[in-house]
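A quick write-up on the structure given underneath.
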Amino acid sequence: MTIKQITIRGARQHNLKNIDVDIPRDKFTVITGLSGSGKSSLAFDTVYAEGQRRYVESLSAYARQFLDQLEKPDVDSIEGLSPAISIEQKTVSRSPRSTVGTVTEIYDYLRLLFSSIGQPHCHECGAPISRQTVEQIVGGILELPEGERVMILAPVVRGRKGEFKKELEKYHRDGFVRARIDGEMRQLDEEIELLKRKNHTIEIVVDRLLIKEGVKDRLTESVRTALKLTGGAVLVSVIDGDEKLYSEKMACINCGINIATLEPRSFSFNSAYGACKRCQGIGTVMEIDSKKIVPDPHKPAGKIDFLGGFDRSGATFLRSALLAIIERFVDGDKLEPPTENAKEKKKGKRKKADGRAEDKAQKHLIETAFVDLPAAIKEAFLFGTKKRLTFRQGEYKYESDWKGALRAMKERLENPPSEKTREALYELVGPVQCPTCQGARLQPESLAVKISGLGIADYTSLPIDDAVLRFDAVELNAREEKIAGLVLKEIKDRLRFLTAVGLGYLTLDRPSGSLSGGEGQRIRLATQIGSQLRGVLYVLDEPSIGLHPRDNKKLLDTLHRLRDLGNTVLVVEHDEETIEHADFVVDLGPLAGTHGGEVIATGEPKEIACNQESMTGRYLCGELKIDIPELRRLPNGQRIKVKGARAHNLKNIDVEFPLGLFTVVTGVSGSGKSTLVEDILYPSLYSHVYTQQLDALEHDSIEGLDLVDKIIEIDQSPIGRTPRSNPATYTGLFSPIRDLYAMLPESRQRGYKAGRFSFNVKGGRCEACEGGGMKRIEMNFLPDVYVTCDVCRGKRYNRETLAVKYKGLSIADLLDTTIEDALPLLENIPAIKQKLETLIDVGLGYIKVGQSSTTLSGGEAQRIKLAKELSKRATGKTIYILDEPTTGLHFADVHKLLDVLQKLVDTGNTVIVIEHHLDVIKCADHVIDLGPEGGIGGGKVVAAGTPEEVARVKRSYTGQALKTVLNN
């Protein structure tokens, strides 16, 4: 009899209140509820963790030693579980070597495709590369100068792991005497021990000979022997000279360039056999960045603050070089020549007129912005010129060669006049595109291999939507179809899966570190669909994050497809459309933290909507809703204007951000929102306000920077990464609490200072657990167990410190109190009262004062940061930037968040939010909609104005979705 449901009994993980719940199998189930109500505790820390643990337990003891040991969740029983796969938001690799192609494994199939049916071309002349005969190889070797000593080597092993004992013994029996192993010459009759787990290169020495007359027959025989040993390759090494690899299979007739047999690793930028030699497969090299030499190219050439003011003497030298170049170009008639009338005058006067014209032209160029100078002047300044320049420094002048600003500063960095100058010049160094591979990461030989006229780097640089069309157009002959037909089909299928989850605007070469959490999660989702597994439990964490309402249907179709394959899909989600399309809904609550962890309602979406006890249901049926503001704030005339933004896919746009308003930047996924706000606006504002250089991406200029005196970015990253961090320490609440306890009469009698009440330093803390409250016990073959400290019983402090009490509570008791319970106790201390009230205002009254930051959700962490900002004195000139603040927030939490943001704006500040959530967009004073599509099809301002004005723009996808919401 088939099991129809996953039965959970007695779940007590984190804040779950010993709950029982049944989740139907082979259905699409949504778990919802307020932020902090226990959704992730149920889905990930209980159901997924137990499914994963049982799978690992089923493996052998040998296999388990290579895997992380998993703790058993706090639950009585779970029945009906399948093998579980979690698709979370924070699982994308941040390594510079990881790309969309490698994460989805499409790049692995591409390497296989190109190595099997790719047509090699010469990277020098572009001609197709063909095989070489023995005669051609011998002819090439005999072209060496007479008298050269050469070794004929057979590369039998290239970069492979193993001991190769049997192989070496066989070559010795066959009569070979020497071999070059990992670059070292060895005798084959000696004991050769190679490390089994290390890559090795073995080249058998076939012959050593002198290039002279009569050597051709012997050379031909040696080449044949080497080719036979290797299956078609021979390495010719000139003693104390170069080496050249000849191939019986691949060589360019025109240039004589030989390439090794194509293998999948020839196209891997993570392998020494495929990666560009200059950048080691990263695509960028650390060099002095020309943009940092001229930090503000819009200033007049004569007033540029070279090197950003880091190195005064170096800046003076560069300024004199630029003036000398301008003078030289004026002398060389690079500008307009003198007028005809001047030429008719006497010789002396003509010289005077010429001199005046030159002076005028020179003055004009000095007053011209660097960016507008003739290209020849800019290139000569950065990269040097053959002509000697006349340098002037005050009264002193001299002539010298000019190698260019980049080279001059590189030499100055290598031999700095002082350590202070070295540190200053290091500020100029940054990642720049590799000049050898132009960012393509591979060796030229690999880049020159083509299929249907395009190389592997050309395919990976296409948007996925375009790549699908290009691969559909690839035609294979009968032989190629037999070799690579299945590989090509797999590539097409996986690309279509990425398009299906709304990621058609990405390119396969995009670094995975630049992806948002939602994009990374949808990539993993597409990969799982490609695996075509059945009978699996998939647990997803808010897959709709970062997705525009237009693309939501694609995501829902994908989740339904995953279910229809025969899988159970369990999704933690707040999105209204996703909840309404689910087969089954579990609503947790009623509130968050200690007031949550209970099952409020279960059933189909329409049953939840009818349930009066369910906060989610009341929002779904419209009983509760986020109201549209009756009046929107009007612009005060002050604004920040970004001009000529053209980074990534932005189309040289000008965008205005009115100050003193609540502004939302929106648009479909990949339209350029984060590039505009996070990569251009924020770094520029930060650099201006705090005079610390943050690199902004390409744009012309930003007007209105002087109108801002503070810039704050508030994201959902944890407020701390250790259990010692908590809301009290982050908001600055802990210091006045410790001061309070230090002022108590008992503390004064004992001589206790505020430091006595810190659990991070010796003195007042429990030394048995060093203030952690828990002890770690290492277990062989089992995960480490954390047990409550048997000395302090989890209180963190020693007995003497706990004896000091305020209103009957020790400091440990106070830290274990919820914020709303702590307020009446501490309301007479203004410094503490204000901070507690702001935490309650942002809806966090339920969390404990000393709750570990590792147990807080992303939404809770963000609201703690907002509370910290609210408790500070407002300057009225602050800009707050938030990137998708509704991530992980329930309808009710979004309501609270909007109240907090509106309070910030009411005090005269500016709030700029990147968001897709329609409830946030409809409450904005000003909306900037980018698009109309993602990737190449985006990067333009589609609409700007109030939500009502944007809703009237027919070509705006946001406007169309907003129109429905505003009408409702």
Side-chain angles (χ1 to χ4, degrees), residues 1-8 22-32 43-44 47-52 54-56 58 78-89 91-92 100 103-106 108-109 464 468 471 485-504 518-545 547 551-573 575 577-586 604-605:
M1 185 175 160
T2 56
I3 299 170
K4 296 284 179 71
Q5 59 192 25
I6 298 169
T7 307
I8 302 159
D22 295 330
I23 297 170
R25 285 174 56 86
D26 303 334
K27 298 289 183 187
F28 171 26
T29 300
V30 167
I31 298 179
T32 190
F44 286 94
V47 178
Y48 166 68
E50 180 64 8
Q52 189 74 350
R54 289 187 193 176
Y55 169 69
V56 170
S58 71
I78 303 181
E79 295 174 6
L81 266 182
S82 304
I85 294 174
S86 87
I87 304 177
E88 297 178 73
Q89 293 167 36
T91 49
V92 177
V100 172
V103 169
T104 56
E105 298 172 6
I106 292 172
D108 296 330
Y109 285 101
I464 288 167
V468 171
F471 278 111
L486 289 173
V487 177
L488 185 60
K489 179 181 179 296
E490 190 68 33
I491 291 169
K492 290 178 187 175
D493 287 346
R494 287 182 180 244
L495 288 171
R496 287 196 180 95
F497 293 143
L498 286 171
T499 305
V501 292
L503 295 174
E519 285 171 334
Q521 190 176 22
R522 291 198 295 282
I523 279 175
R524 289 199 61 211
L525 182 60
T527 307
Q528 290 301 329
I529 297 168
S531 68
Q532 298 283 307
L533 287 172
R534 285 173 168 75
V536 174
L537 168 64
Y538 286 104
V539 187
L540 290 89
D541 187 10
E542 290 200 77
S544 67
I545 288 170
L547 207 57
D551 299 321
N552 229 9
K553 189 177 183 307
K554 287 183 181 177
L555 175 68
L556 291 170
D557 289 344
T558 305
L559 294 174
H560 288 146
R561 184 171 179 179
L562 207 55
R563 174 202 64 193
D564 295 341
L565 282 170
N567 300 301
T568 304
V569 181
L570 190 60
V571 179
V572 174
E573 189 57 272
D575 178 66
E577 192 178 357
T578 308
I579 296 170
E580 287 172 348
H581 283 79
D583 300 322
F584 192 79
V585 179
V586 177
E604 294 180 7

Does any part of the side chain of [Y], heavy atoms only, come nearer than 4.5 Å to the side chain of [X], both counted from C-beta?
X      : Y      : result
Leu533 : Ile85  : yes
Arg496 : Val468 : yes
Leu81  : Glu50  : yes
Lys27  : Val569 : no
Leu525 : Leu562 : yes
Val572 : Phe44  : yes
Arg494 : Tyr109 : yes
Thr578 : Val30  : yes

Nearest 0.5 angstrom please: [X] [atom1] to [Y] [atom2], how far?
X      : Y      : atom1 : atom2 : answer
Ile464 : Ile106 : CD1   : CD1   : 6.0 Å
Asp575 : Leu555 : CG    : CG    : 8.5 Å
Leu565 : Tyr538 : CG    : OH    : 8.0 Å
Arg522 : Ile87  : CZ    : CD1   : 12.0 Å
Leu486 : Ile491 : CG    : CD1   : 11.5 Å
Ile8   : Ile23  : CD1   : CD1   : 4.0 Å

Minimum heavy-atom separation for [X] to [Y], with atom names?
X      : Y      : answer
Tyr48  : Val539 : CB-CG2, 3.9 Å
Val536 : Pro83  : CG1-O, 3.4 Å
Ser82  : Leu537 : CB-N, 3.9 Å

Apply side-chain contact (heavy atoms from CB on, under 4.5 Å) to residues Val585 and Thr29 and explain how you reach the verdict.
CA-CA 6 Å; Val585 179; Thr29 300; over 6 Å; no
So the side chain to side chain donor-acceptor pair (under 3.5 Å) pairs with at least one residue in residues 556-570 (sequence neighbours excluded) are Lys553-Asp557, Arg563-Asp583
Keeping the roles fixed (side chain from [X], backbone from [Y]), state whether a donor-acceptor pair exists under 3.5 Å.
X      : Y      : answer
Arg524 : Ser86  : yes
Thr32  : Glu573 : yes
Arg25  : Gly80  : yes

Begin with the C-alpha distance, continue with both residues' side-chain angles, and end with the deciding distance and a verdict on side-chain contact (heavy atoms from CB on, under 4.5 Å) for Leu559 and Leu540.
CA-CA 10 Å; Leu559 294 174; Leu540 290 89; 3.9 Å; yes
